[in-house]
Protein chains: 2
Amino acid sequence: MDRRVKKKDNDDTSGKERPTLKTLAFMTGLGVTTVSRALKDAPEIGAETRRRVQLVAKQIGYRPNRAGVRLRTGKTNVISLVLNTEHELMSFVSDIIYGVTEVIADTPYHLIVTPYSRSQDPLDPVRYLVETGSADGVIISRTQPNDPRARYMLEHGVPFATHGRTDMGLVHPYHDFDNYAFAGEAVRALAGKGRNRLALVTPPAGLTYYRYTVNGFADALSEAGASEVPFNTVSIDHTIKQIRMRTAQLMRRDDRPDGIISSAAAATLAVVAGIEDAGLKLGRDVDVVSKQSSEVLHLFRRELLVVNEDFRLAGSELARAVLGWIAGKEPGSLQSLSKPSEVLPYRG
Amino acid sequence: MDRRVKKKDNDDTSGKERPTLKTLAFMTGLGVTTVSRALKDAPEIGAETRRRVQLVAKQIGYRPNRAGVRLRTGKTNVISLVLNTEHELMSFVSDIIYGVTEVIADTPYHLIVTPYSRSQDPLDPVRYLVETGSADGVIISRTQPNDPRARYMLEHGVPFATHGRTDMGLVHPYHDFDNYAFAGEAVRALAGKGRNRLALVTPPAGLTYYRYTVNGFADALSEAGASEVPFNTVSIDHTIKQIRMRTAQLMRRDDRPDGIISSAAAATLAVVAGIEDAGLKLGRDVDVVSKQSSEVLHLFRRELLVVNEDFRLAGSELARAVLGWIAGKEPGSLQSLSKPSEVLPYRG
DNA sequence: TTGGCAACCTGTAACGTTTCAGTATACTGG
DNA sequence: CCAGTATACTGAAACGTTACAGGTTGCCAA
């Protein structure tokens, strides 16, 4: 298993080995310390020397060895995205990753994906990251009002950002979509079409944005003089099959809703299928407003009303937030809330 | 000169610091070297000692410091997934990541996502990974018949696996979906429904699976006595809007196809929209067979015929392949081809 | 007795980086 | 002219790990 080749001093410029500070030191005739400091613009290095070192470094394509830095300083230059492998939306995973990578592209940071599954405590992966010091910053989703992960990371001084807000009286960076506003807009749009018996396909009950959605729904309902048709048997975490079946059941009842609001595009496909299973027609018997993160629902059924949520933006904002915290900014200043688009009907 | 530098001993068991080999050495009364070897079952360590060390290590939750290992040995314990941030399918990203993480969950490996965008040479991220030694293994997608990335990694002795095959006479691990078979099955299914003027929505032209798809299509066409209606103006890399528009154009022509085969679900949504824009009806005027990676198309239109491709499986296979190569297995033994499901009509 | 050998264990060096504690030189003010 | 100090640089140590080159026993054959 010993595949290490004997290594001589790399004090030569012969150029096959990856350059290190030692290489640079030799080439410039300076000490390793000076080179190290020159590269990070330390004040006690002469301007001339600094320029010379940086020039040579650029010329030979010097890149600091991550393991060396990490071992010495503990800095990993890693951001970890913690994902639930059962319940995250497909579009969420893809877009948020791209959003994050967009932001960290010009930094020395790498993105690692830390998964956890149904069986596990969501705290597990976070605990692992913190205990092993595997990341300088963490991004979590599926945020809860009282989130043990956020509390844990605050206690341990690990910078993080949450997708969704918490409600623990603790300050930390977050990015959130304004689901209160979304639900409200959705209700008003349906009311505007004369719909007044509305059902809501909610987010999973434990998460913070469940509350915002439900509250936005309730407040707008009473304001609009509409009423709720309870539909608590499903959430967007349920399978397509379940949502479809239960929607069909719901729509066969006498007191069925004439408007439905759905918190996710995938659920909406199932809802519409359920509606049609019950022999009803979208746009005539019932209207549906749905969130979506890519322009897919209007291809599906033109009658749908949609509101867009941009997960790529969320990824970028979250990355910016963690990096900001790592850089020493106030956590309280790294919070953002993204307003929903209008409720959009199909157009050409 | 008796001013000695105070050295921070972590030789105590007081327990707040993360345990290192030194901690274990102190606790067991052994040398650091012995502990290191005992933990990796080296032969020259007494059975008794070995068990004792491993017990203590487990008790206090010792985990090797990755930076230490990496600095000393060059082993990163990292697998990198290289992704194009413009053109990967949403479902692909999500599922392949989950597939990979499933496999590496019980290993010391971490998954890092290395993105590249339109503007960049696809070789860039790979070159970066290799030059900086950032990963022990690499997974790439969007594989080309003559793929510079595969060639480069082979030359540099970096283990990797490709999603899709190459055609360079070089041996390396891959996982691929049998797109030749898919296209063939699709043609036969359409022919079975009496369709004999078929169009194909291809993968992007540069990629290997474009060829397999096109060949499978062509071979089955002549075999079935059907003919091709050329539709070279789009591929699944085009935008929804473009595909939709061009499909509509196609379908308004006199020599329009009566069957269409689509290589991706997202494209299929656009294709169907285009068909309907042209005033035609799916299942009556034209039949469409499409690949999909999640059960979404039958919710969209019942008339669609679908073939399933499992990206999560691909992720797992690719991870297994890279890990196998890293572990010293023959690259030629780490290749797998996944057969398409039957062509499935809607059922209940 | 001596030498050889196997079985087990150990100290030291090195990976590349940053930090600590200096050193050498030149300049300043008295 | 000297002390004091600012400027520009440097070597050594340390982070945690593994490889290398020994060391120390105890036992056995000669």
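What you are looking at is a predicted structure, and each value in this text was computed from that prediction instead of being measured. A, B, ... follow the sequence lines: proteins, then strands. Residue 1 opens every chain.
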Pairing of B:Glu102 and B:Arg312 as salt bridge, 4.0 angstrom limit: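 So B:Glu102 pairs with B:Arg312 through a salt bridge.
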5' precedence on DNA chain D between A:Val32 and A:Ala47 (nearest-nucleotide basis): A:Ala47
Aromatic ring pairing A:Phe160/A:Trp325, orientation class (parallel under 30°, perpendicular over 60°, tilted between):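 Taking A:Trp325 first and then A:Phe160, their aromatic rings sit tilted (interplane angle of 30° to 60°).
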For atom [atom1] of [X] and atom [atom2] of [N], their distance in whole Å:
{"X": "A:Arg70", "N": "D:dT17", "atom1": "CZ", "atom2": "P", "result": "12 Å"}
{"X": "A:Lys75", "N": "D:dG16", "atom1": "NZ", "atom2": "C1'", "result": "20 Å"}
{"X": "A:Leu71", "N": "C:dA13", "atom1": "CG", "atom2": "P", "result": "18 Å"}
{"X": "B:Arg72", "N": "D:dG16", "atom1": "CZ", "atom2": "C1'", "result": "11 Å"}
{"X": "A:Leu21", "N": "D:dA12", "atom1": "CG", "atom2": "P", "result": "17 Å"}
{"X": "B:Arg37", "N": "D:dA19", "atom1": "CZ", "atom2": "P", "result": "8 Å"}
{"X": "B:Asn65", "N": "C:dT17", "atom1": "CG", "atom2": "P", "result": "16 Å"}
{"X": "A:Lys40", "N": "C:dT19", "atom1": "NZ", "atom2": "C1'", "result": "11 Å"}

Shortest side-chain distance from A:Thr34, nucleotide among D:dT10, C:dG16, C:dC9: D:dT10
Nearest-neighbour nucleotide for the B:Lys22 side chain, D:dC15, C:dT17, C:dT10 considered: D:dC15
side-chain N/O B:Thr33 vs C:dC9 OP1/OP2, d < 4.0 Å: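 B:Thr33 to C:dC9 OP1/OP2: no side-chain N or O under 4.0 Å.
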Below 4.0 Å: OP1/OP2 of C:dT19 and any side-chain N or O of A:Ser36: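 It does not, given that no N or O in the side chain of A:Ser36 lies less than 4.0 Å from OP1 or OP2 of C:dT19.
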Under 3.5 Å donor-acceptor pair, A:Thr73 side-chain atoms to C:dT19 base atoms: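 Result: no qualifying N/O pair found.
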5'-most by nearest nucleotide on DNA chain C - A:Tyr62 or B:Leu30: B:Leu30
Taking atom types as modelled, find out whether [X] and [Y] have a side-chain donor-acceptor pair closer than 3.5 angstrom.
{"X": "A:Thr114", "Y": "A:Ser80", "value": "yes"}
{"X": "B:Thr208", "Y": "B:Gln144", "value": "no"}
{"X": "B:Asp176", "Y": "B:Gln335", "value": "no"}

Touch class at under 4.0 angstrom, heavy-atom based, for A:Gly29 against every strand present: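 It contacts sugar-phosphate atoms only.
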Sugar-phosphate, base or nothing in reach of A:Gly31, heavy atoms under 4.0 Å: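 It contacts sugar-phosphate atoms only.
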